[in-house]
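Being a predicted model, the structure only gives us computed values, none of them experimental. Each chain gets a letter, A, B and so on, in the order the sequences are listed, and its residues count up from 1.
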Amino acid sequence: MENRITRKEENFSQWYIDVILKAKLADYAPVKGCMVIRPNGYILWENIQKNLDRMFKESGHVNAYFPLLIPESFIQKESEHMEGFSPECAVVTYGGGKKLKEPLIVRPTSETMIWSMYARWITSYRDLPLLINQWCNIVRWELRPRLFLRTSEFLWQEGHTAHETYEEADKEALKMLGIYKKFVEEYMAIPVYKGQKSDSERFAGALQTYTIEALMQDGKALQAGTSHNLGQNFARAFNVKFATREGGEDYVWATSWGVSTRLIGALIMAHGDNKGIIIPPKLASLIAVIIPIYYSAKERSRVLSYIQSLYLNLKNDFNVKIDDREEYRPSYKFNEWELQGIPLRIEVGPKDVEKKQAILVRRDTGKKIILPFNEVSLRFSTLLNEIQKNLFEKAKRFKEENTFKVDNLDDFQKVIDDKGGFIYAHWCGSPECEAKIKSLTKATIRCIPFHNEKEEGKCIYCGGKSSQRVLFAKAY
RNA sequence: CGGGGCGUAGCGCAGUCUGGCAGCGCACUUGCUUUGGGAGCAAGGGGUCGUGAGUUCAAAUCUCACCGCCCCGACCA
């Protein structure tokens, strides 16, 4: 009866921490704000990387690596960018035992480093588009860290592309956002809203920031991925000009886009339950665990040899593991693998050997399915697809049931206080109203959704004219 | 940076008020019995009581200072 995690309903934050620590996804590091990503957590990141990397490459991007340390003067070249990032920068001032002539910034993001290099590589429209991605770590000093969601160092991917025109850059930014949405929905089984950030929520130095927003089970929104149309701001700052097709000269148009290990936090909070995390099959490395049950030594060998042949039927197509540890009882193993979110469990005891069958148990629903031996491998894919689909559908239903249309500030406040979730409300477009709503309710504009229906209405705060609703929520 | 809480075995805690042998549960090790939803018994190992100073015959306990961590808020992927 030990090793229990705090119930989700009781204290969601504590539940989140308990799940991460007990499922061995991560642990606190000796330095405040830093975390160790343990093998169970890292393999999730590896699977995120593997799939996204393939999608990036299929869309024409290539990987490279840029340095961790950036000269301080680079950050200062784009004023909006500097204002946005300097408060959270870590700075290296000593090297080789001597004070450095110019301090070095530990990258909070690589726009400046990358554009300083693009200046050397781009001279003509023939060099464009340039489509580079890098997988790396970055440092942003955090005052209030939270495992996976906000740590001072985290892992991410940052794409940086260079284009001939505004339109082409904008198309790229939207395309990458589409890839993020596809990945997050299809692989992570987390439904998202896609849209554009308001000016106050925009990336420092961008013309436009696009975002996908997911809803966590506690009713708070989480930004799951962003892409930016950077216009010519960085090209100007780093003097990146190219010879145009027309024989003229112009600054290059830029985009950047990223997702981070924060996605693992999203996964935990979107699907997890009081037993632990739930990994969607398409993101899981270990798909199923086979657990033997026996009472005597004789049964033990019969059960184990039966399991061996079951395993051989599956192992070529699926990553399946036999948990034949003798120091733990089956019930202990059930709980342990459920905590770690493995999509399927296969139980085999003497009765099953007798009847030439196996019991499959779904992690998502807990339902038991008894299958004849021969059908186990045949039904496996279908079952995994059903789990994947169910997780997405369940999360989608939750998101839809927790998206509310609201027409006045009182109702707005009520929804935020009572249940949270997304609020679809009219806004006049002014940053002042946005800020007021934020300070009153703690909710921010998550995005101005794409494909928004035009609808005449009144700003929920000032009553001014509004032509569309935007999505509000309390956010991580 | 503000508010709250906590630092005692790997983890969770009691002991602190009222100073007097450093304890409990889990985990770990060994053995036996067990095994279809977190097994039982027996034996065993493990401590800079966050750090430093002070008071005292005697400090986990009292005093002062410091450090660290977590939670809640303002900033953020």
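- Across all strands, A:G349 comes closer than 4.0 Å to base atoms (heavy-atom distances).
- The distance from atom CG of A:L314 to atom CD1 of A:I322, rounded to the nearest 0.5 Å, is 9.5 Å.
- Counting any heavy atom pair closer than 4.0 Å across all strands shown, A:I359 reaches a base atom.
- Contacts between residues 277-295 of chain A and RNA chain B, defined by a heavy-atom separation under 4.0 Å, are made by A:I293, A:Y294, A:Y295.
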- Note on the structure: In B/S/- notation (B base, S sugar-phosphate only, - none; protein heavy atoms under 4.0 Å), nucleotides 71-76 of chain B written 5' to 3' is SSBBSB
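- Between the side chain of A:E336 and the base of B:G38 there is no donor-acceptor pair of N/O atoms closer than 3.5 Å.
- The interatomic distance linking A:W45 (CH2) with B:A77 (C1') rounds to 11 Å, in whole Å.
- Pairing partner, B:C24: B:G12, with both Watson-Crick or wobble hydrogen-bond distances short of 3.5 Å.
- Taking the nucleotide of RNA chain B with the nearest heavy atom to each of A:K333 and A:F154, the more 5' of the two is matched to A:K333.
- Residue A:R325 is out of contact with every strand shown, counting any heavy-atom pair closer than 4.0 Å.
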- Message: For a side chain to side chain donor-acceptor pair (under 3.5 Å) check, start with the C-alpha distance between A:E9 and A:N274, then their side-chain angles and the critical distance, and finish with the verdict.
- Response: CA-CA 9 Å; A:E9 300 75 17; A:N274 284 327; 3.1 Å; yes
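- The side chain of A:P350 sits closest to B:G36 out of B:A77, B:G38, B:G36.
- In this structure, the NZ atom of A:K22 is 8 Å from the C1' atom of B:C11, given to the nearest Å.
- If you take atom P in B:C41 and the same atom in B:U34, they sit 15 Å apart, rounded to whole Å.
- With a cut-off of 3.5 Å on both Watson-Crick or G-U wobble distances, the partner of B:C32 is given as B:G40.
- Regarding A:M35, its CE atom lies at a distance of 16 Å from the P atom of B:C69, rounded to whole Å.
- Residue A:N335 contributes atom CG, which lies 18 Å from atom P of B:U35 at whole-angstrom precision.
- Using a 4.0 Å heavy-atom cutoff across all strands shown, A:E326 reaches no nucleic acid atom at all.
- Using the six-membered ring where Trp is involved, A:F183 and A:Y187 have ring planes that are parallel, under 30° apart on the 30 and 60° scheme.
- Nucleotide B:U18: unpaired (no Watson-Crick or G-U wobble partner with both distances less than 3.5 Å).
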- May I have the step-by-step check of side-chain contact (heavy atoms from CB on, under 4.5 Å) for A:L131 and A:V62, ending in yes or no? CA-CA 6 Å; A:L131 307 172; A:V62 290; 5.9 Å; no
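- One C1' atom belongs to B:G38, the other to B:A58, and the distance between them is 45 Å to the nearest Å.
- With a cut-off of 3.5 Å on both Watson-Crick or G-U wobble distances, the partner of B:C69 is given as B:G5.
- Using a 4.0 Å cut-off between charged nitrogen and carboxylate oxygen, A:E185 and A:K194 do not count as a salt-bridge pair.
- B:G47 is unpaired under the Watson-Crick or G-U wobble criterion, no partner having all donor-acceptor distances under 3.5 Å.
- Nucleotides B:A9 and B:U29 place their C1' atoms 15 Å apart, quoted to the nearest Å.
- Note on A:E347: a base of the nucleic acid sits closer than 4.0 angstrom, heavy atoms only.
- Residue side chain A:R345 reaches the base of B:G37 through a donor-acceptor N/O pair under 3.5 Å, judged by distance alone.
- Ionic pairing of A:E336 and A:R345 is not present here: no N-O contact between side-chain nitrogen and carboxylate oxygen is shorter than 4.0 angstrom.
- Pairing for B:A74 is absent, judged as Watson-Crick or G-U wobble with the two contacts each under 3.5 Å.
- In this structure, a donor-acceptor pair under 3.5 Å is absent between the side chains of A:S256 and A:H160.
- Within 4.0 Å (heavy atoms only), A:T444 reaches no atom of the nucleic acid at all.
- Not one N or O on the side chain of A:R363 forms a donor-acceptor pair closer than 3.5 Å with the backbone of A:P280.
- The same atom, C1', is picked in B:A59 and in B:G19; the two are 6 Å apart, to the nearest Å.
- The same atom, C1', is picked in B:C13 and in B:G54; the two are 30 Å apart, to the nearest Å.
- Considering only side-chain N and O atoms, A:S331 lies under 4.0 angstrom from the phosphate OP1 or OP2 of B:G36.
- Minimum atom distance to the side chain of A:Y332 is reached by B:G38, of the listed B:U35, B:G38, B:A77.
- With a 6.0 Å cutoff to the six-membered ring centre and a 45° limit on the axis angle, A:K356 does not count as a cation-pi contact of A:F373.
- Cation-pi contact between A:K197 and A:F203: absent, since separation from the ring centre below 6.0 Å together with deviation from the ring axis within 45° is not met.
- Spacing of P atoms, B:U30 relative to B:G45, comes out at 15 Å, to the nearest Å.
- The separation of B:C21 from B:U61, taken at their P atoms, amounts to 13 Å, rounded to a whole angstrom.
- Rounded to whole Å, the separation between the C1' atoms of B:C32 and B:G5 comes to 45 Å.
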- Check against side-chain contact (heavy atoms from CB on, under 4.5 Å), A:L360 and A:F380: CA-CA 10 Å; A:L360 276 64; A:F380 224 67; 4.2 Å; yes
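- For the pair A:K220 and A:Y476, the cation sits on the ring face: its NZ or CZ lies under 6.0 Å from the ring centre, inside 45° of the axis.
- A straight line from CG of A:N137 to C1' of B:A77 spans 14 Å, rounded to a whole angstrom.
- B:G40 atom C1' lies 17 Å from atom CD of A:E327, rounded to whole Å.
- Without hydrogens or angle criteria, A:N313 side chain to A:L310 main chain gives no donor-acceptor distance under 3.5 Å.
- If you measure from atom CZ of A:F334 to atom C1' of B:G36, you get 6 Å, rounded to the nearest angstrom.
- Ring geometry, A:F12 versus A:W15: the interplanar angle falls from 30° to 60°, so the pair is classed tilted.
- Across every strand in view, B:A59 sits unpaired, with no contact that passes the Watson-Crick or G-U test at under 3.5 angstrom.
- Looking only at distances, no side-chain donor or acceptor of A:D324 sits under 3.5 Å from a matching main-chain atom of A:P292.
- The CG atom of A:D27 sits 13 Å away from the C1' atom of B:C69 (whole-angstrom rounding).
- Residues from residues 264-274 of chain A lying near RNA chain B, meaning a heavy-atom separation below 4.0 Å, are absent.
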